[in-house]
Each structure stands twice: as C-alpha cells, then as structure tokens.
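Structure record follows, encoded as structure tokens.
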Amino acid sequence: MENPMIDIKDVSKWYGTFQVLKDCTTSVRKGEVVVVCGPSGSGKSTLIKTVNALEPFQKGDILVNGISVGDPKTDLPKLRSKVGMVFQHFELFPHLSITENLALAQVKVLGRSRDEANERGLKLLDRVGLNAQAAKFPGQLSGGQQQRVAIARALSMDPIAMLFDEPTSALDPEMINEVLDVMVELAKEGMTMMVVTHEMGFARKVAHRVIFMDNGEIVEDATKDDFFGKPRSERAVLFLSKILQH
Amino acid sequence: MAFDFDVIQRSLPYLWKGFQYTVELTAIAASGGIFFGTLLALARLSSKRTLSLVASGYVNLMRSIPLVLVIFWFFFLVPMIVQGITGSERPPQVGAERTAIVTFIMFEAAYFCEIMRAGIQSIPKGQVYAAYALGLGYGQAMRLVVLPQAFRNMIPVLLTQIIILFQDTSLTYVISATDFLGAASKIGQRDGRLVEMYTFVAVVYFVISFTLSQLVKRLQKKIAVIR
C-alpha cells in the first residue's frame with residue numbers, strides 16, 4: 001500500500017500539565033476525505049492544526065507526504081505552502097482586496113509573477129462563483145462569500161491536501177450550503193481532505209472515513225458506513241444521538 | 001511696560017529657520033522612532049525571552065526618565081563614548097542638532113514601541129495562523145499581514161504622539177539647539193523682548209497642535225466608520 005498523504009503517529013500534546021492530545025494515531029490517504037468530529041474541547045481543532053505545525057506537539061510525529069512535521073530541520077513554511085488550510089473565521093486579510101488576498105502567497109512564497117498569480121486567482125474565484133467580487137475587500141462580503149474566497153486562496157497554492165477547521169460553524173445557517181457545495185465538489189475531484197466539522201450531512205455525502213474524538217483521544221476511526229451504521233463506542237453513540245436528533 | 005511685537009517681524013527669517021529645524025527634527029524623530037519602535041515592539045512580543053527582556057528593559061528605562069535628562073545625558077555621554085572608541089585626546093564635538101536627533105529617535109522609539117505593541121496585539125492570532133498556513137515566514141507574516149493592519153489601527157494614536165513630539169522637541173533648547181523656541185529665546189534675550197517672543201512661540205505652537213489634533217479627531221471618526 002502506498003504511503004499515506006498525512007500520517008499522524010502517536011501524537012501527544014500538553015498545555016502545561018493538561019493533556020489536550022493523547023497518543024493520537026490516524027492517517028489520510030491520497031484522495032481520501034476524512035471527517036473529524038467530536039464534542040467541543042475534544043482536541044479535534046488542535047489535532048488538525050498540528051498537521052501543518054500551527055500547533056506544536058511534544059510527542060509522536062506527523063508525516064505529510066513523507067516529510068516530518070516534528071523534525072526541527074524541516075522547512076515548515078515550505079511544508080505549509082503545500083497544505084491548504086481553511087479556518088473557522090475565514091481569516092482573509094482585511095487590508096487587501098480579494099484579488100490581492102489570492103495573489104499574496106502565490107507571489108511571495110511560490111515566486112509567481114503578479115499577472116500569473118492574478119490569472120490563477122481569478123480562475124479559482126470563478127470556480128467558487130465569486131469573480132464579480134474580485135476588486136472588493138473582505139469586509140464587503142458575506143461570511144459565506146468570505147469562506148469561499150478563503151477556500152480559493154488555499155487552492156491557489158496548488159496544495160497536495162486541504163485541512164478544514166470547522167469551516168461552517170461561524171456561518172449563518174443560510175450560508176452553510178454554499179460553502180459545503182464547494183467542499184463537496186472539491187472532494188469529488190479527488191482532493192485529499194481532512195475536515196473538522198459537525199456537518200454530518202457532509203460526512204455522509206463525501207467522507208470516506210470518520211474520526212470521532214473525545215477528551216483528546218481518537219475514540220473511533222471507522223469507515224463512514226461503519227461509523228453511522230454501527231458505532232462501537234458508547235461516547236460516539238451518545239454524540240451522534242445528540243447532534244442528529246433534530 | 002510697553003510691548004514691542006515689532007521684534008517678531010524683524011526676526012522672522014531667523015525664527016523661520018528655527019521653525020524649520022523643529023519640523024525637521026519632529027519628522028526625523030517620528031520616522032526613526034516609528035521604525036525602531038516597531039522593531040522594539042516585535043522584540044518585546046518575541047517568544048525569545050532574552051530578546052523580550054532586553055527590549056522591555058530599554059522601553060521601561062526610557063519611559064521612566066524625564067526627557068530633559070536623556071537629552072543632557074546624551075549630550076555629554078555620546079562624545080565621551082566616541083572618544084573612548086576612537087581614542088582621541090579630546091571628546092569630539094557631536095553638536096546639539098545631531099545629539100537632538102539621536103536622543104529623540106531613541107526616546108520616542110520607546111513610546112512608539114508601546115503603541116505598535118498594542119497595535120500588533122489587536123490583530124487576531126488567526127491572521128498570523130492564516131499567513132503561516134499559506135507558507136509565509138515570520139518576517140513576511142509581520143511585514144505583509146500583521147504590521148500593515150496594526151499600523152492602520154494605530155494611525156490616530158501615532159499622530160497624537162507625533163503632535164506631542166512636536167511640542168517636546170522644544171526641550172532641545174536646553175542644549176542650545178536653535179529650534180523654534182531656541183531661536184525665539186536667543187532673539188528675546190538679545191533684544192530684551194522675552195515676553196513678546198515667548199507669547200508668539202506659544203501661540204504658534206497652540207495653533208498648530210490644536211489644529212492637528214482636531215484633524216486627528218476627524219480622521220478617527222472616519223476610520224471608525226470604515227471599520
């Protein structure tokens with residue numbers, strides 16, 4: 001079997017004496033879509049942030065396309081430039097126009113020319129249905145639009161994998177679908193994705209595997225059908241019953 | 001006692017030169033102070049303990065000493081240090097104007113540091129995360145993402161500090177620099193017209209500083225609307 005794109009091995013992390021991640025082990029193969037869910041405070045956002053070293057960890061290692069995240073010799077900016085990340089609060093740069101948001105890292109990190117970067121940016125903006133907004137600033141866009149731009153910005157770096165950290169939980173309900181639609185399309189195109197979300201509809205539709213976390217532990221790591229059909233752990237059953245009730 | 005305001009008219013060219021020096025000193029000290037203040041702020045916020053300790057030590061020192069003392073201190077100390085380094089027999093003349101520039105940049109850097117530090121801290125951590133996630137390094141993340149926003153948020157405070165600086169530059173008169181106040185007081189002493197000269201200087205300072213702070217207030221409202 002070929003090496004996984006993201007290989008998380010025995011990762012533990014402490015804040016002082018408080019352990020937020022406990023020996024987490026899992027992996028994401030190329031083209032696989034893995035949904036990470038669990039109650040708040042379970043460590044799922046922390047786990048996904050360790051993958052591109054935004055959160056340091058004290059024990060274990062993570063390999064992204066074979067490159068160690070924990071190795072101090074690893075060129076982290078280079079590694080991060082290959083892994084797209086989408087945040088809960090979009091984090092577009094408010095002092096830059098949409099076009100500039102899309103071009104910044106392409107020019108400064110990948111060394112593309114401004115024309116090339118703008119062209120690529122516009123193409124992606126078109127793909128998320130927002131090319132009319134190119135000249136605007138983030139503050140002039142709705143939350144859903146901002147998040148779609150954020151996805152386009154991450155894609156502009158031609159990432160080998162995409163990380164989503166609760167991409168829809170800061171959105172008004174009527175805007176959630178426009179963002180999920182973009183993500184579903186991305187998944188269908190074969191993008192390797194690790195998604196922290198409570199959107200179980202999304203998980204049912206496109207996920208290959210579902211990881212359930214609680215108290216910093218990976219409690220369940222199963223195929224989608226197994227997870228929704230016959231979850232093994234009591235905690236996962238309880239969690240599912242809570243969020244699927246309505 | 002009769003006032004003779006004609007003395008102002010007569011000495012206008014000399015006063016103008018002094019005024020130009022005051023504006024020049026303000027501009028240089030402000031840009032230098034903002035530049036080094038920003039570096040100090042980054043050092044204070046650094047995760048490297050020694051760096052942040054040194055920076056905060058410097059800032060606290062400068063902010064705890066009266067400006068007049070700092071000016072005196074540099075005026076006498078800098079020539080001695082230069083002498084020590086070059087090993088010349090007599091302390092070289094650094095000159096009041098140059099001393100003033102160095103002193104004010106170093107002193108103002110401490111105040112601008114605190115303003116920029118607040119500005120940097122006002123930017124959500126997520127912005128830094130987003131910059132890093134795109135592959136930007138620390139320097140790029142600061143220069144392209146954090147500092148432009150911090151600077152924009154802090155413009156009214158920075159301008160207010162520059163107005164204070166504009167008034168504080170008059171302290172250079174203690175080392176006989178010919179700034180606006182220095183020029184006026186030299187003429188006032190020569191012609192025995194100190195009251196007239198000081199009144200004139202006060203009015204000019206008031207008009208300029210008050211007008212500028214009103215403008216800053218308006219700007220502040222405008223920025224609040226945009227945000």
Side-chain angles (χ1 to χ4, degrees), chain A residues 45-46 48-49 51-56 75-96 100-112 117 137-140 146-147 149-159 161-166 170, chain B residues 34-35 37-38 41-42 45-52 112 115-159 216 219-227:
Chain A
S45 278
T46 309
I48 200 170
K49 284 201 184 88
V51 174
N52 62 353
L54 290 181
E55 289 279 0
D75 182 353
L76 285 181
K78 195 173 166 198
L79 183 141
R80 287 175 181 141
S81 71
K82 292 179 183 161
V83 180
M85 184 155 206
V86 176
F87 297 87
Q88 185 176 0
H89 296 288
F90 333 132
E91 305 300 354
L92 295 179
F93 305 133
H95 61 301
L96 300 176
E100 289 164 333
N101 261 282
L102 288 160
L104 183 74
Q106 290 188 68
V107 173
K108 301 289 176 183
V109 178
L110 301 181
R112 288 180 183 157
F137 282 79
Q140 296 169 292
Q146 287 193 52
Q147 195 61 302
V149 172
I151 295 173
R153 182 175 68 176
L155 291 175
S156 74
M157 303 294 285
D158 300 321
M162 288 279 286
L163 308 172
F164 293 82
D165 185 11
E166 305 208 29
Chain B
I34 290 174
F35 178 76
T38 305
L42 291 173
L45 294 170
S46 163
S47 53
K48 296 188 180 75
R49 250 187 92 68
T50 31
L51 194 60
S52 78
F112 284 120
I115 297 173
M116 287 311 288
R117 186 165 70 118
I120 293 167
Q121 283 177 322
S122 74
I123 308 304
K125 188 105 200 287
Q127 287 283 304
V128 185
Y129 277 155
Y132 283 163
L134 284 165
L136 298 174
Y138 171 81
Q140 288 176 316
M142 287 300 146
R143 197 160 41 82
L144 302 168
V145 175
V146 176
L147 289 179
Q149 293 183 61
F151 201 77
R152 192 187 61 176
N153 290 355
M154 286 295 134
I155 281 176
V157 193
L158 288 170
L159 290 176
V216 171
L219 182 75
Q220 210 160 5
K221 273 189 201 146
K222 229 178 177 177
I223 290 177
V225 170
I226 293 170
R227 228 184 285 156

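Below, chains carry the letters A, B, ... as their sequence lines are ordered, and counting in each starts from 1.
By the 4.5 Å heavy-atom criterion applied to side chains, Val146(B) and Phe93(A) are not counted as neighbours. Using a 4.5 Å heavy-atom threshold, the side chains of Arg153(A) and Leu134(B) count as touching. Using a 4.5 Å heavy-atom threshold, the side chains of Pro94(A) and Gln149(B) count as touching. A heavy-atom distance below 4.5 Å is not found between the side chains of Glu91(A) and Tyr129(B).
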Please test Leu136(B) against Leu104(A) for side chain to side chain contact (heavy atoms under 4.5 Å, CB included), starting from the C-alpha separation and ending with a verdict.
-> CA-CA 9 Å; Leu136(B) 298 174; Leu104(A) 183 74; 4.1 Å; yes
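For the atom pair Tyr132(B) OH and Leu76(A) CG, the distance stands at 10.5 Å (nearest 0.5 Å).
Only the side chain of Lys49(A) comes within less than 4.5 Å of a heavy atom in chain B; its backbone stays farther off. Within the 4.5 angstrom heavy-atom criterion, only side-chain atoms of Glu55(A), from C-beta onward, approach chain B.
Dense packing is recorded around OH of Tyr138(B), with more than 12 heavy atoms of other residues, nucleotides or ligands lying under 6.0 Å away.
Of all heavy-atom pairs spanning Ala130(B) and Phe87(A), the tightest one is CA-CE1, 3.6 Å. The heavy-atom pair separating Leu92(A) from Gln127(B) by the smallest distance is O-NE2, 2.9 Å. Of all heavy-atom pairs between Gly137(B) and Pro77(A), the closest is CA-CG, 4.4 Å.
In this structure, His95(A) contributes its side chain and Arg152(B) its backbone to no donor-acceptor pair below 3.5 Å.
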